[in-house]
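One structure is given below, encoded as structure tokens.
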Amino acid sequence: MSFSPVEMRVGPGRAVWSSRNVTECTFEYREGDRVKRATWDPRETHVSMIVFCREWDEPSGVAIMPDERERVYEGLWRIGRKAGVKAVLENLQEFQLAIPVRWNRGPNGCMINVHDSGRVDYMQLGHLLSLQFPRDSEHVHLIKLNLPSELCWTYPGGEPIPRGTLSKVVGRLRELRTENLWIGQGRPWRVDLEWGAEA
């Protein structure tokens, strides 16, 4: 069965599902003469598509500027979603890119991972907060967190979280539901959270 490329306009650029070989897919974001590519094959990477979003693939070695980076994210996310890929795009090196295809993009977007080892990772664009919680053999899926009134991001390391942002993080953690998770999805997690002066 032949494959016909799929493309869509994204801001000043175009997002393209350019090829498919069995289950391996190639996605591109093109803006003028610049191209950023990402490949995904569930046989090898399962749910993850790894993208290091620092340089354009064409022209080779040209840095991706911060305003361009957001458009690259948006383009790859949209074409991945259009292709129906159940994938996570993530920059494993610095958490600059953490975009599940099923995630609502934008400045208020976030992703929460719950790890069976007893860790919650809260991610928003460019930031990561990792929190440990004690495992209770009686209540296996209860997450008990006691957060101080002031807290720093895990990445970038030591950067204080502004009070308003921390309030949003706390709110999102309190509203944690299975459907909002990536890792840990399908388990009946429940959050018991106390925060600073509210404790």
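Count residues from 1 along the sequence.
Formation of a donor-acceptor pair under 3.5 Å by the Ser130 side chain with backbone atoms of Thr154 is not found in this model. Judged by distance alone, with hydrogens and angles left aside, the side-chain atoms of Arg14 form no donor-acceptor pair with the main-chain N or O of Arg30 at under 3.5 Å. With Trp153 contributing its side chain and Gly158 its backbone, the two residues share no donor-acceptor pair below 3.5 Å.
Pairing each heavy atom of Pro5 with each of Ser18, the nearest pair is CG-O, 4.0 Å. Between Arg9 and Arg78, the shortest heavy-atom contact is O-NH1, 4.3 Å. Pairing each heavy atom of Gly75 with each of Ala15, the nearest pair is O-CB, 3.3 Å. Heavy atoms only, all atoms of each residue included: Glu55 and Gly61 are closest at OE1-CA, 3.7 Å. In terms of heavy-atom proximity, Trp17 sits nearest to Thr26 at CD1-O, 3.5 Å.
Atom CD of Glu74 is separated from atom CZ of Arg69 by 15.0 Å, given to the nearest 0.5 angstrom. In this structure, CG in Leu173 is found 7.5 Å from CG in Leu129, a value given to the nearest 0.5 Å. The line from CZ of Arg174 to CG of Leu145 is 10.0 Å long, rounded to the nearest 0.5 Å. Separating the CZ atom in Arg119 from the CG atom in Leu131 is a distance of 10.0 Å, to the nearest 0.5 Å. Taking CG of Leu76 as the reference point, atom CZ of Phe27 lies at 9.0 Å (rounded to 0.5 Å). Distance check, rounded to the nearest 0.5 Å: CG of Asp192 to CG of Leu142 gives 6.0 Å.
Side-chain contact between Pro59 and Arg34 is present, with heavy atoms from C-beta onward closer than 4.5 Å. Residues Tyr29 and Ile79 have side chains not in contact (no heavy-atom distance under 4.5 Å, counting atoms from C-beta outward). Under the 4.5 Å side-chain criterion, counting only non-hydrogen atoms from C-beta, Glu150 is not in contact with Pro160.
When the side chains of ILVMFWY residues are joined at heavy-atom separations under 4.5 Å, either directly or via intervening members, Val6 and Val35 end up in two distinct hydrophobic clusters. Hydrophobic clustering (side-chain heavy atoms under 4.5 Å, transitive across Ile, Leu, Val, Met, Phe, Trp, Tyr) keeps Val16 apart from Ile64.
The salt bridge (Lys or Arg N to Asp or Glu O under 4.0 Å) test applied to Asp57 returns Lys36, not counting sequence neighbours. Remark: Arg37 pairs with Glu28, Glu58 by the salt bridge (Lys or Arg N to Asp or Glu O under 4.0 Å) rule, at least two apart or across chains.
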